[in-house]
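Taking it in order: structure first as structure tokens, then the write-up.
Quantities reported herein were computed from a predicted structural model and do not represent experimental measurements.
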Amino acid sequence: MRFLKVCLAITVTMTVLAPAAVARADDTYPFRDPALPLDARIDDLVGRLTLDEKISLLHQYQPAIPRLGVGPFRTGTEALHGVAWLGEATVFPQAIGLATTWNPDLMKQVGTAVGREARGFHAKDPANNGLNLWAPVVNLLRDPRWGRNEEGYSEDPYLTGALSTAYGKGLQGDHPVYLQSAPTLKHYLANNNEIMRDTASSMLPPRLLHDYELPAYRTAIEADAATGVMTSYNLINGRPATVEPSLDAEVRTWTDKDLMVVSDAYAPGNLVGSQRYYATQAEANAAAMKAGIDSFTQDGSDPNSTITAIRTAVDKGLLTEADIDEALRHIFSIRFRLGEFDPPGSNPYAAITPDVINSPAHQRLARQAADEQVVLLKNAGNTLPLSPSKTRKVAVVGPLENTLYTDWYSGSLPYAVTPRQGIQERLGAGATVVGSEGVDRIALRDVATGRYVTATGTTDADHVGLGSTTAGDAAQFDVFDWGQSLLSLRNVATNKVLGYNWGPFVTRDAQPNSWYVQQQFKLEEQSDGTFVIRYAGYETREPWFPPVRYLTVDAAGKLALGAETAATAARFAKETVRSGVQEAVAAAKGADVAVVVVGSMPAINGRETNDRVSTALAEGQAALVKAVRQANPNTVMVLENSYPTTINWEQANVPAILWTSHAGQETGHAIADVLFGDHNPSGRLTQTWYRSDAELPSILDYDIAKTGMTYLYHRGTPLYPFGHGLSYTTFGYSALRVDASSVSVDVTNTGTRAGNETVQLYTHQRKSRTTQPVKQLRGFAKVSLAPGQKKTVRIPLKRSDLAFWDVTRSRPVVESGTYDILVGASATDIRRTTTLRVNGETIPPRDLRTATSAWTFDDYAGTTLVDTTKSAGTAVAATASGQWIKFADANLGRGVTKITARVSTPGTAPAGIQVRLGSPSGRLLGTLAVPATGDRYAWTAATGNLRRAAGRHDVYLVFTGAAQVDSFRIW
């Protein structure tokens with residue numbers, strides 16, 4: 001029931017009553033003196049608190065301390081692409097859409113607007129509308145099936161860092177002392193799967209950790225563009241992220257400012273619950289605080305379990321008051337910087353009023369952002385832009401043609417401009433714009449009674465059941481196909497979708513929504529031609545949900561969830577009242593252009609807790625595109641979703657294709673702006689679009705170098721490459737000029753329209769001791785050019801930018817060698833190249849005669865990474881014989897004859913580790929016997945004899961059973 005608890009916690013969060021204003025007890029306290037240093041003010045305040053008061057402040061809902069005049073404080077206002085869950089607010093494009101602008105200046109403007117609106121909401125209700133914002137999400141988008149792809153920016157750490165820094169700077173504001181709001185980076189660390197998201201371990205070898213994952217967080221924190229991080233649900237190398245030691249050991253070293261670290265919702269409880277990492281919550285909370293957690297997000301607004309656990313930890317000596325004081329210093333550093341304890345008038349952000357929410361300026365900014373995020377994927381024969389004067393009849397068809405959808409972390413739309421509305425507005429009253437959702441309208445007749453499934457209203461009391469023997473509007477449903485047979489059914493009479501609602505079936509909701517999205521169904525055809533209805537709400541995937549999945553009809557004639565199998569489900573005849581494809585084709589045939597708007601429903605096509613099983617376009621939508629294209633050669637496809645999609649047929653056959661995220665209130669204007677050339681498209685993809693799901697490995701495999709994922713390591717031909725995006729004009733590039741600090745190129749607009757080019761700088765290291773990326777983004781610049789105009793673009797590039805993590809010495813290194821410098825319009829559209837000779841280092845051979853951490857291997861097969869202890873360290877674990885780790889180019893000197901290792905086994909069976917040269921089946925030097933320790937944390941030293949070997953070799957440790965090795969040396 002954990003996810004239900006999260007949902008309920010959200011409700012509590014939004015409805016808790018604001019406490020009465022807290023009067024200031026004494027304005028002469030030193031902590032209220034802005035003239036004092038910040039550290040002194042924090043120390044003064046912390047020193048005045050009792051231990052019980054201190055402990056109470058470690059929960060997400062920090063209570064008031066009336067005797068000191070300290071008011072309540074709450075962490076966690078969602079602000080991913082606008083302020084969410086607090087009511088109507090400016091809804092900007094989804095985060096993935098903001099990222100496709102490749103425009104840090106625009107990102108900062110959007111962040112500034114969101115920060116101001118957060119202040120506006122705070123002015124309405126200071127106790128409940130907090131200024132600690134949980135945004136941006138900087139998890140790298142290494143797999144397009146991740147359910148939360150919409151929340152991130154890019155598969156590339158450099159681009160992610162640049163954009164998150166800009167957004168964070170905007171959220172914070174530019175004041176030298178005060179914060180407009182306090183952004184928190186989500187979710188640390190390596191959090192890219194929703195399946196088993198709280199029990200799966202993300203395996204991060206050292207290079208993947210230091211060269212790929214950490215930079216996404218480090219960039220914004222080093223730039224002081226974030227005030228903290230939120231830990232993720234998953235485990236990292238066997239250890240829950242909630243107790244990840246790098247929070248203090250790494251993250252806090254990246255800045256000289258205090259950071260406030262918060263847990264994800266209910267994650268502290270997972271340490272004892274689903275993860276079973278600690279026996280008691282007191283141990284778990286103590287370990288989390290020791291690792292760096294300052295604020296516990298647990299049990300919604302109820303702090304009791306957190307307070308009890310921490311109090312018990314103190315009483316048992318697991319925590320000291322000094323540990324608690326340290327966490328409070330981090331928390332109060334943010335509260336002070338937000339201006340909470342300063343006199344009225346000193347903090348300029350405190351003057352912001354609710355008038356800023358959805359202000360005209362923010363509406364204009366939302367339209368600009370929506371414009372800039374549109375990506376022109378294909379434009380054969382200059383199909384686009386359309387001529388407004390010649391395009392007088394337009395067919396706008398498809399399931400998203402007249403609808404805007406919002407995602408889980410979206411604000412409430414203050415208004416909505418749909419694609420059809422945007423096109424009609426652009427063309428004016430003299431043009432004809434016809435629409436069709438292109439979905440089938442059906443009626444479902446119960447075979448047993450001859451009566452139709454019928455809606456009776458729009459409230460929870462209006463249960464859907466069997467009505468009359470004729471199919472009026474109340475017995476008709478429009479069928480929206482979202483792929484993999486998942487459907488939503490909208491009733492014609494009520495204009496609401498069918499939903500489960502924990503018991504009665506109702507037509508209450510305008511769109512699929514809520515935590516479990518209970519408006520999902522499958523119509524399964526049976527051998528006799530009848531259909532059964534399978535309920536597919538997300539809660540059916542939970543282990544606690546009963547096996548009943550199919551709909552029946554109860555004694556009162558109402559639909560009920562009453563059958564475990566199709567055999568005992570109610571049978572229905574499906575009658576097609578209207579063919580959606582035929583209606584769309586009829587509209588398209590007579591039009592100057594047919595615009596097909598297809599895509600995703602954000603609550604259904606993957607979101608938090610639910611990954612996608614495929615990146616294919618929904619089958620029904622693909623059929624619609626094909627039919628409309630056949631009916632009207634002048635067809636434009638608009639793909640509106642938030643993840644890469646395998647649209648191979650469409651790329652080959654549809655003349656023009658646009659991609660847009662669910663871009664908020666201004667989506668329709670943005671689509672029209674691009675279609676008719678009022679905005680020259682400049683969006684660029686921030687992920688690789690693969691041609692087939694077959695190219696994708698397990699979503700749980702994080703090692704992109706071994707799986708060949710992302711543009712960094714993918715060696716196939718993508719459908720659309722990282723950085724791809726077309727324009728209505730063309731650009732020419734001059735020869736490159738490289739100096740000690742930058743790469744310069746002249747870019748000329750060689751077309752007839754003004755436009756923006758995103759100049760992308762990549763490098764490739766030709767020769768290296770280790771596997772290097774195919775190419776790697778090192779910088780970019782977005783340049784605006786009038787027709788014929790030329791500008792010099794200078795992109796910084798320093799020698800240190802070429803560093804990577806050397807596993808042999810556990811530090812960054814720049815290798816000597818030749819580097820290709822590549823500049824172009826995408827990762828595959830390289831316009832100019834040159835080479836750069838770098839005088840760096842030559843990595844020396846490994847010396848395995850000294851103590852070597854096992855996890856610093858060069859390669860592996862089958863093994864995984866686990867925690868050495870619950871508080872620190874990473875070790876290598878094998879689960880079966882034949883698994884191995886490799887240490888390349890090891891210098892064994894004049895000869896070695898022994899191996900000593902720190903080892904353990906998870907059970908009672910002994911194991912062995914073979915030492916081989918050259919390959920996993922190469923020359924056997926000997927086998928180290930690993931005794932049965934009975935516990936993988938029960939480490940012991942083992943020594944074995946080896947046949948003498950000398951010189952330089954690739955050394956393999958090959959396991960002969962389940963065992964762990966933390967460190968070793970060969971001597």
Side-chain angles (χ1 to χ4, degrees), residues 3 6-7 9-11 13-14 60 74-99 107 110-111 113-115 117-118 121 129-139 141 146-153 160 163-164 167-168 170-171 181 183-188 191-192 194 197 226 229-230 232-233 262 264-267 297 357-358 366 369-370 373 404-414 511-517 538 600-612 641-643 661-665 667:
F3 297 132
V6 173
C7 188
I10 292 165
T11 304
T13 298
M14 298 179 68
Q60 178 188 16
R74 183 178 72 86
T75 67
T77 293
E78 300 292 353
L80 186 61
H81 54 109
V83 178
W85 304 355
L86 300 182
E88 290 186 355
T90 308
V91 179
F92 294 95
Q94 292 176 303
I96 184 65
L98 291 174
M107 292 287 289
V110 172
V114 175
E117 295 202 8
F121 279 107
N129 299 341
L131 294 172
N132 170 235
L133 307 187
W134 286 355
V137 170
V138 298
N139 296 105
L141 306 182
W146 185 36
R148 303 181 75 168
N149 198 87
E150 66 204 32
E151 298 181 35
Y153 290 148
T160 295
L163 298 177
S164 60
Y167 191 68
L171 291 175
S181 65
T184 300
L185 304 181
K186 300 194 324 185
H187 311 81
Y188 186 85
N191 177 210
N192 281 129
E194 296 306 294
R197 66 175 183 165
V229 299
M230 171 191 281
S232 52
Y233 287 119
V262 303
D264 209 337
Y266 291 83
T297 314
I357 300 171
N358 193 41
Q373 55 90 52
L404 295 190
Y405 290 122
T406 54
D407 59 55
W408 181 250
Y409 287 102
S410 172
S412 300
L413 293 169
Q511 297 179 356
N513 63 82
S514 194
W515 184 251
Y516 288 116
V517 193
Y538 282 152
S600 71
M601 200 288 134
I604 291 177
N605 291 115
R607 44 144 277 191
E608 185 171 357
T609 75
N610 287 273
D611 295 313
R612 279 171 287 280
N641 67 11
S642 50
Y643 51 89
S661 72
H662 295 281
Q665 60 205 52
T667 300

Checklist entry - Is the closest side-chain heavy-atom distance between R148 and Y643 below 4.5 Å? => result no

- request: Report yes or no: does H81 contribute a side-chain atom to a donor-acceptor pair with the main-chain N or O of F92 at less than 3.5 Å?
  value: yes

P183 and S181 have their tightest heavy-atom pair at CD-O, 3.3 Å

So CG of N191 and NZ of K186: to nearest 0.5 Å the spacing works out to 10.0 Å

Interatomic distance, CG@L133 vs CD@E117, rounded to 0.5 Å, equals 11.5 Å

- Just by distance, do the side chain of Q94 and the backbone of L80 share a donor-acceptor pair under 3.5 Å? no

Looking at W515, is its backbone amide N or carbonyl O close enough to the side chain of R607 to form a donor-acceptor pair, meaning the two atoms are under 3.5 Å apart?
yes

(message) Using side chain to side chain contact (heavy atoms under 4.5 Å, CB included), reason through Y516 and T609 one step at a time and then give a plain yes or no.
(response) CA-CA 9 Å; Y516 288 116; T609 75; over 6 Å; no

Next item on the list: Answer whether the closest heavy-atom distance between the side chains of V517 and N610 falls below 4.5 Å.
Entry: no

- [ ] Spell out, as yes or no, whether a donor-acceptor pair under 3.5 Å connects the side chain of Q665 to the backbone of V91.
- [x] yes

**Asked** So, does T297 use its side chain to make a donor-acceptor pair with the main chain of Q60 at under 3.5 Å?
**Response** no

What one should report as the nearest heavy-atom pair of G411 and T406 is O-CG2, 4.2 Å

d(N149 CG, S642 OG) to nearest 0.5 Å is 6.5 Å

Value for CD (E608) from OH (Y233), rounded to nearest 0.5 Å, stands at 6.0 Å

inquiry  = Test your reading of the model: is there a side-chain donor-acceptor pair from D264 to the backbone of S232, 3.5 Å cut-off?
reply    = no

CZ (R612) and CD (E194) are apart, to the nearest 0.5 Å, by 10.0 Å

What orientation do W85 and Y409 show, parallel under 30°, tilted 30 to 60°, or perpendicular over 60°? parallel

In terms of heavy-atom contacts, S661 and G97 come closest through OG-CA, 3.6 Å

Heavy-atom nearest pair, T77 first then G130, reads OG1-O, 2.8 Å

* Asked: Could you walk me through whether V83 and V114 pass the side chain to side chain contact (heavy atoms under 4.5 Å, CB included) check?
  -> CA-CA 6 Å; V83 178; V114 175; 4.1 Å; yes

Taking F121's backbone N and O only, do any of them form a donor-acceptor pair with N129's side chain (distance below 3.5 Å, no angle check)? yes

Under 3.5 Å donor-acceptor, Y167 side chain and A135 backbone:
no

If you define the side chain from C-beta out and look only at heavy atoms, does anything of P136 sit under 4.5 Å from L185?
yes

| query | Is the closest side-chain heavy-atom distance between L98 and M107 below 4.5 Å? | reply | yes

Correct closest heavy-atom pair for P512 and M601 would be O-CE, 3.6 Å

Nearest heavy-atom approach of L404 to G664 is CD1-O, 3.4 Å

Output for pair (Y405 OH, S410 OG), nearest 0.5 Å, gives 14.0 Å

Please walk me through it: do T75 and T184 pass side chain to side chain contact (heavy atoms under 4.5 Å, CB included)?
CA-CA 10 Å; T75 67; T184 300; over 6 Å; no

| request: Kindly determine whether N358 and E88 satisfy side-chain hydrogen bond (donor to acceptor under 3.5 Å, both in side chains), including the steps that lead there. | output: CA-CA 8 Å; N358 193 41; E88 290 186 355; 6.0 Å; no

Answer yes or no: is there a donor N or O on one side and an acceptor on the other, between the side chain of T160 and the main chain of V138, under 3.5 Å? no

Problem set entry | Sidechain-backbone polar pair: N139 side chain, H187 backbone, donor-acceptor under 3.5 Å | yes

